[in-house]
Number of protein chains: 2
Amino acid sequence: MKKIEVLEEAAKRVYDNVKHLPGTKESAGDFGRGAGGDISRNIDIIAEKTVLDYLREISFPCVVLGEECGRVEILENYEGSVIMDAVDGSTNAVRGIPFSCCSLAFATGDKLSSVTDAVIIDLYNGDLYSASKGQGAFMNGKKITVHKEKPLYFVVGVDMSGISPDSLQRLAPIISASNHIRHFGAVALELAMFARGLVDLFVDLRGKLRITDVAAGYLLALEAGGIIVDKNTNQLDSDLSHDKKISFVAAASQEILDETIDKLRLSD
Amino acid sequence: MKKIEVLEEAAKRVYDNVKHLPGTKESAGDFGRGAGGDISRNIDIIAEKTVLDYLREISFPCVVLGEECGRVEILENYEGSVIMDAVDGSTNAVRGIPFSCCSLAFATGDKLSSVTDAVIIDLYNGDLYSASKGQGAFMNGKKITVHKEKPLYFVVGVDMSGISPDSLQRLAPIISASNHIRHFGAVALELAMFARGLVDLFVDLRGKLRITDVAAGYLLALEAGGIIVDKNTNQLDSDLSHDKKISFVAAASQEILDETIDKLRLSD
């Protein structure tokens with residue numbers, strides 16, 4: 001069984017087990033702070049358990065790095081890591097806002113650049129996004145690419161929740177210049193939208209994202225032809241560890257990236 | 001036939017006629033600037049024509065104020081106005097982002113406060129929101145209310161597309177204080193989410209909204225128990241004319257409103 005098939009099956013099981021939960025009281029419940037630092041909710045716990053149970057069931061030779069569970073060894077002799085945000089967009093899910101997903105990536109090494117397989121499933125409608133390194137990106141089995149033509153409307157995703165006033169002011173040239181700013185509240189699914197060509201630019205310079213939020217969306221966006229750089233305009237990479245905080249700019253083309261770097265003065 | 005039934009039937013016809021369009025090339029096409037000042041797209045034109053055709057078919061005694069068509073008299077002896085944004089979130093619809101709606105309101109007079117009936121239909125899934133003055137607010141026939149309990153997560157909608165850098169800085173105390181800022185790109189549907197209790201506060205202080213964007217969501221939010229004030233903290237009202245630009249704060253409770261006024265220094 002290929003790695004990507006394992007991730008797809010795990011994601012589908014999560015969807016089946018939690019799709020009735022968003023917006024219900026059952027989705028909430030407080031299980032204390034997870035490894036990532038956020039409060040774990042019932043929907044998070046059910047989703048993580050689904051993935052862990054499945055990986056144990058098939059004795060998948062991996063270590064899991066989970067948003068809530070932290071580091072869990074499935075087999076002692078492992079071939080790589082599964083980086084899991086079993087529910088990205090927990091707040092949306094608990095409130096009933098139809099925008100959350102399960103994000104799973106497989107990495108052979110200890111860097112973001114060693115991610116070889118990625119799956120994101122939309123917990124509202126079951127849309128399945130997947131990518132394997134060098135093989136392109138897919139949505140429900142159909143190839144997807146970022147939007148390379150000049151778009152009819154230029155849509156910019158910006159994550160600004162809890163941003164510092166200084167960082168917000170730094171984003172002003174992007175926010176004020178666009179009539180189509182968006183923020184849906186689940187970065188992995190927003191990267192999937194970027195990879196599908198629905199959004200042309202996605203910016204998160206808060207320095208708050210975790211590796212579990214980004215690992216799958218990162219490969220999906222790259223395999224769809226996107227460009228992703230860090231706040232110093234270098235190609236994005238990172239250690240795969242819980243305490244790493246990430247900022248990035250994802251652009252559909254070099255031209256868009258250059259303009260953005262210029263506007264945000266990232267190269268200064 | 002009640003006014004609300006007319007609006008519901010018109011909205012359902014729009015949904016049936018355009019639900020296959022979002023994300024297709026057919027949805028786009030440039031028909032010049034509409035009465036509201038934006039470029040009219042094919043999906044806008046089809047949706048408006050659907051409403052106008054239906055109102056003529058039943059000889060509904062009204063004047064229509066439309067985002068694209070401007071002022072259209074259906075019958076000479078009219079009893080009031082239908083305020084129409086046939087597609088709110090046209091950008092999302094054209095790009096394929098599943099968040100747009102049709103917004104229809106009926107008003108007996110020439111002020112926003114004279115709106116007596118409101119219907120919003122979600123163009124992605126057909127969810128139908130409706131409200132008549134003094135009768136409460138409904139989603140698919142079930143009563144809805146804003147979120148009155150202390151929420152598990154406090155979610156704030158902020159419209160900041162094309163905001164001036166000064167206005168953005170003014171919003172910083174709200175944006176920096178919340179870990180759950182959202183902006184989906186269709187104010188009418190965002191007001192419906194607010195009315196359903198999915199969002200606790202919605203702020204748009206750009207001074208860019210038109211009456212057609214707001215009329216239906218305004219009554220829906222009020223009938224669901226929300227509080228809506230203008231930028232001077234007075235209860236929101238406005239003339240029903242195309243050149244009016246609106247700013248507002250919608251809050252689920254007086255406590256949330258008071259805190260927001262304080263943070264934004266609206267009462268200074």
Side-chain angles (χ1 to χ4, degrees), chain A residues 22-23 25 27-30 38-39 41 89-99 122 124-125 127 147 151-169 171-186 190 193 196-200 206 208, chain B residues 22-23 25 27-30 38-39 41 89-99 122 124-125 127 147 151-169 171-186 190 193 196-200 206 208:
Chain A
K25 288 214 167 139
S27 69
D30 180 346
D38 283 352
I39 302 283
R41 298 299 172 185
S90 301
T91 299
N92 284 350
V94 167
R95 291 301 298 267
I97 298 170
F99 199 90
D122 185 324
Y124 177 65
N125 59 21
D127 278 341
H147 196 91
L152 193 53
Y153 300 103
F154 188 78
V155 178
V156 183
V158 181
D159 197 330
M160 60 197 104
S161 292
I163 198 172
S164 70
D166 281 356
S167 297
L168 182 64
Q169 198 56 12
L171 291 177
I174 294 284
I175 295 170
S176 298
S178 169
N179 278 321
H180 310 297
I181 297 293
R182 299 288 182 270
H183 180 33
F184 296 93
E190 286 170 288
M193 287 172 68
R196 272 173 77 184
L198 308 191
V199 172
D200 305 290
R206 299 170 305 146
K208 290 189 168 204
Chain B
K25 288 212 167 136
S27 69
D30 180 346
D38 283 352
I39 302 284
R41 299 297 171 186
S90 300
T91 300
N92 284 350
V94 167
R95 292 301 299 267
I97 297 170
F99 198 90
D122 185 324
Y124 178 65
N125 60 21
D127 279 340
H147 196 90
L152 193 54
Y153 300 104
F154 188 78
V155 178
V156 182
V158 181
D159 197 330
M160 61 197 104
S161 292
I163 198 171
S164 70
D166 281 356
S167 297
L168 181 64
Q169 197 57 11
L171 290 177
I174 294 283
I175 295 170
S176 298
S178 169
N179 279 321
H180 310 296
I181 297 292
R182 298 289 182 272
H183 181 31
F184 295 94
E190 287 170 289
M193 288 171 67
R196 271 173 77 185
L198 309 190
V199 172
D200 305 289
R206 299 170 305 146
K208 290 190 169 207

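The basis for the numbers below is simple: all heavy atoms, side chains too, and nothing from hydrogens, waters or symmetry mates.
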Is B:M193 in contact with chain A via its backbone, its side chain, both, or neither, using a 4.5 Å heavy-atom distance?
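Side chain only.
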
Taking B:T91 for the side chain and A:Y153 for the main chain, is one N or O donor matched with an acceptor at less than 3.5 Å?
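It does not hold such a pair.
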
B:S176 side-chain N/O to A:G162 backbone N/O, donor-acceptor pair under 3.5 Å
no

Measuring from [X]:[atom1] to [Y]:[atom2], what's the distance to the nearest 0.5 Å?
{"X": "B:F154", "Y": "A:R95", "atom1": "CZ", "atom2": "CZ", "answer": "8.5 Å"}
{"X": "A:H180", "Y": "B:N92", "atom1": "NE2", "atom2": "CG", "answer": "9.0 Å"}
{"X": "A:I175", "Y": "B:I163", "atom1": "CD1", "atom2": "CD1", "answer": "8.5 Å"}
{"X": "A:I97", "Y": "B:L198", "atom1": "CD1", "atom2": "CG", "answer": "5.5 Å"}
{"X": "A:H183", "Y": "B:R182", "atom1": "NE2", "atom2": "CZ", "answer": "5.5 Å"}
{"X": "B:F99", "Y": "A:F99", "atom1": "CZ", "atom2": "CZ", "answer": "11.0 Å"}

Please classify the contact between A:V94 and chain B as side chain, backbone, both or neither, with a heavy-atom cut-off of under 4.5 Å.
side chain

Ranked by heavy-atom pairs below 4.5 Å to chain B, first place among A:G185, A:G157, A:S90, A:S164 goes to A:G185

Apply side chain to side chain contact (heavy atoms under 4.5 Å, CB included) to residues B:K208 and A:N179 and explain how you reach the verdict.
CA-CA 11 Å; B:K208 290 190 169 207; A:N179 278 321; 3.9 Å; yes

Taking all heavy atoms of A:I181 and all of B:S161, pick out the closest pair and write down the distance.
N-OG, 2.9 Å

Sequence neighbours excluded, the answer for side-chain hydrogen bond (donor to acceptor under 3.5 Å, both in side chains) partners of B:N125 is A:Y124, B:D127

